[in-house]
Number of protein chains: 2
Amino acid sequence: MGNKGEALRQRIVAAADQLFYQQGYENTSFSDIADTVGISRGNFYYHFKTKDEILSAVIESRVSDIEDMLNQWSEKYPDPRQRIQHFIELQIRHQDNIKEHGCPIGSLCNELAKVSHALLEDANEMLTVMREWLTAQFKELGLGRDSRQMAMHLLARAQGSALITNTFDDPAFLRQEVKRLKQWLDDVAAKHIN
Amino acid sequence: MGNKGEALRQRIVAAADQLFYQQGYENTSFSDIADTVGISRGNFYYHFKTKDEILSAVIESRVSDIEDMLNQWSEKYPDPRQRIQHFIELQIRHQDNIKEHGCPIGSLCNELAKVSHALLEDANEMLTVMREWLTAQFKELGLGRDSRQMAMHLLARAQGSALITNTFDDPAFLRQEVKRLKQWLDDVAAKHIN
DNA sequence: TGAAAATTAGGATGCGCGTCCAAAAATAGC
DNA sequence: GCTATTTTTGGACGCGCATCCTAATTTTCA
C-alpha cells in the first residue's frame, strides 16, 4: 500500500522542517516546500490538506528526534553531569546554523506566540521534553525540588545566547556562553555533591 | 504647516509599535494599524508610503526611547551597579507584557532575521544601544576589557528568560531569573571592587 | 474670504497565497 | 492484461494584502 507515499511524506516533512527553520513558518509557502522537494503543489496537497497539518507533522518529527537524542544520551552516559554537559555542547555542534538562523525551537515558539497559533502548545512540547529530561538529570544530581528551576534556567540561557548570537552574527559569543554554562554546571554539581 | 500631520504620524507610530509587538511585523497589515488609529488606509498611505517605512519609524522611535531611558538613569544614579540593577529590574516592571508577548526587541529581531529583512540592522541598533550602555557601566565597575562580554551575557540572559517566560506563560520564572541575575551582578561587582 | 496646500477617504489594481478540483499517469492485485 | 486504487499534475478560485490613485474635505495664510 501507500509505501511510496510514506517515503515522499517524509521528504516533505524534512524539507518543510528546514524551510520553517530558515525562513519561518508564515513566510514559507506551499510552493516553497513543493519546489524544494521537486513536486507539484497539487501533489503536496494530496499529502497535507492544510498548512497547519504540515506544521504539526514537523513539530511531531522534531519532538520525536529530540526524545530519541535524549534517550540515547541517557543510555550512553551513566553520569547525569556528563549528560547535561552534552546537552550544553549541542550548541557548539550547531553553531553555524544558530549563527545563521537562531534556535529552531525558540524561533518557532516565538513566531507562533505572535500569531496566537493553536499549535503553539504543540511547539512548546519541544521545550517541555527538554525541560523534563533536564529536570530528571538535575534530580539525579541531587538538586531535589530546585531541579525544575535549574532546568528552566539552563534552557533560558541557551535560548538567550542563541538569539544574541544570531542577531549579532557572533558565534564566538556562543562559544563563550557555552563555556560559562559548563562552568556554572560544575559549580552547581560541586555544591550539591557534598 | 504640517502640525496636525505630525501629531497623527506619532499616533500611527505608537499604534504600529504596539501591534508589531503583539502580533509581529509581518502579521500586522496596513488595515490593522489604520483601524486601530481610526483612519482610512488611504490616509495611512499619505503618511507612510511603504510598510518598511513605518517599521523604520517604529524602530527609530524605540531606539530613541531606549536612549532617553538609559541617559536618564545615567544622570539619576551615580553608581554603575545601581544603574545595571535598574536595567535588570526593567523586566519586572514589564512582566505582564513579557508573559503575553515576549521581549519587544528580541521577538522583532528574531522575526526580521528569518525574512532576512534589510531593516534587521536597524533593529539590531536597539540591542546595540543597550550593549554599549551596559558596557560603559561595567567598565566603570572596573571590568575592563571583559565589560562588553559581560554586557552581552546580561542581554542574553534577559532575552532567554523573556522567551521562556512567554513560551511557558510563567511570570514566576521571570522573577526568579531576575533575582538570580541581581545575585550575579553582586558577585561580579564584589569580585572586581577588590 | 478665497486660493493654495495639506490632509483624508475609499475604491482600483495586481499579486501571492492557501485551498480545491478534475483529469492524467503510475501502480497494485487478480 | 485489465480494472481499481494510489499518486501526480497543473490550473482555477477566492481572499487578503501592499500599493496606488483620484477626488473630496479641511486647513493655512495672504
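Residue numbers begin at 1 in each chain, while the letters A, B, ... track the order of the sequences.
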Open item on the list: Which residues pass the side chain to side chain donor-acceptor pair (under 3.5 Å) test with A:Q22, not counting sequence neighbours?
Closed with: A:Q18
- [ ] Could you walk me through whether A:K114 and A:E111 pass the salt bridge (Lys or Arg N to Asp or Glu O under 4.0 Å) test, one step at a time?
- [x] CA-CA 5 Å; A:K114 290 289 174 202; A:E111 182 178 355; over 6 Å; no
Task: Close approaches to DNA chain C from residues 23-41 of chain A, in residue order (heavy atom, under 4.0 Å) - done: A:T28, A:S29, A:F30, A:R41
Open item on the list: Using only atom types and a distance under 3.5 Å, with no angle test, would you say the side chain of B:N124 pairs donor to acceptor with the backbone of A:T167?
Closed with: yes
Task: Phosphate-side-chain proximity, B:H47 and C:dA6, N/O vs OP1/OP2 below 4.0 Å - done: no
Open item on the list: With clusters defined by side-chain heavy atoms of hydrophobic residues (ILVMFWY) lying less than 4.5 Å apart, directly or transitively, does A:I66 cluster with A:L154?
Closed with: yes
Task: Stretch residues 50-60 of chain A: residues that reach within less than 4.0 Å of DNA chain C through a heavy atom - done: A:T50, A:K51
TODO: Respond yes when some side-chain nitrogen or oxygen of A:Y45 is under 4.0 Å from OP1 or OP2 of C:dC20, and no when none is.
DONE: yes
Open item on the list: Tell me which pairs pass salt bridge (charged side-chain N to carboxylate O under 4.0 Å, His left out) where either residue lies in residues 53-82 of chain B, with sequence neighbours left out.
Closed with: B:D17-B:R62, B:R81-B:D186
- [ ] Give a yes/no answer on whether the side chain of B:N43 brings an N or O atom under 4.0 Å of OP1 or OP2 in C:dT7.
- [x] no
- [ ] Please lay out, stage by stage, how B:L90 and B:W73 fare under the test side-chain contact (heavy atoms from CB on, under 4.5 Å).
- [x] CA-CA 12 Å; B:L90 194 60; B:W73 289 351; 4.1 Å; yes
Open item on the list: What is the distance, to the nearest angstrom, from the CZ atom on A:R9 to the P atom on D:dT8?
Closed with: 13 Å
Open item on the list: Looking at D:dT8, I'd like to know if its phosphate oxygens (OP1 or OP2) sit under 4.0 Å from a side-chain N or O belonging to A:Y46.
Closed with: no
Task: Atom pair OG1/CZ of A:T128 and B:F168 - distance to nearest 0.5 Å - done: 4.0 Å
TODO: Have a look at B:Y77 and tell me which of B:Q82, B:H86, B:R83 forms a side-chain hydrogen bond (donor to acceptor under 3.5 Å, both in side chains) with it.
DONE: B:H86
Task: Rounded distance in Å - NZ (B:K49) to P (C:dT8) - done: 13 Å
TODO: List, by chain and number, the other hydrophobic cluster members for B:Y45, where Ile, Leu, Val, Met, Phe, Trp and Tyr join if side-chain heavy atoms come within less than 4.5 Å, directly or indirectly.
DONE: none
- [ ] Work out how much the helix from C:dT1-D:dA30 to C:dC30-D:dG1 bends between its end axes, five pairs an end, to the nearest 10 degrees.
- [x] 10°
Open item on the list: How many whole angstroms separate atom CG of A:L8 from atom P of C:dA26?
Closed with: 16 Å
Task: Distance in Å, B:L119 CG paired with B:L108 CG, rounded so as to fall on 0.5 Å steps - done: 9.0 Å
Open item on the list: So does B:R157 get a backbone contact from the side chain of B:S161, meaning a donor-acceptor N/O pair under 3.5 Å?
Closed with: yes
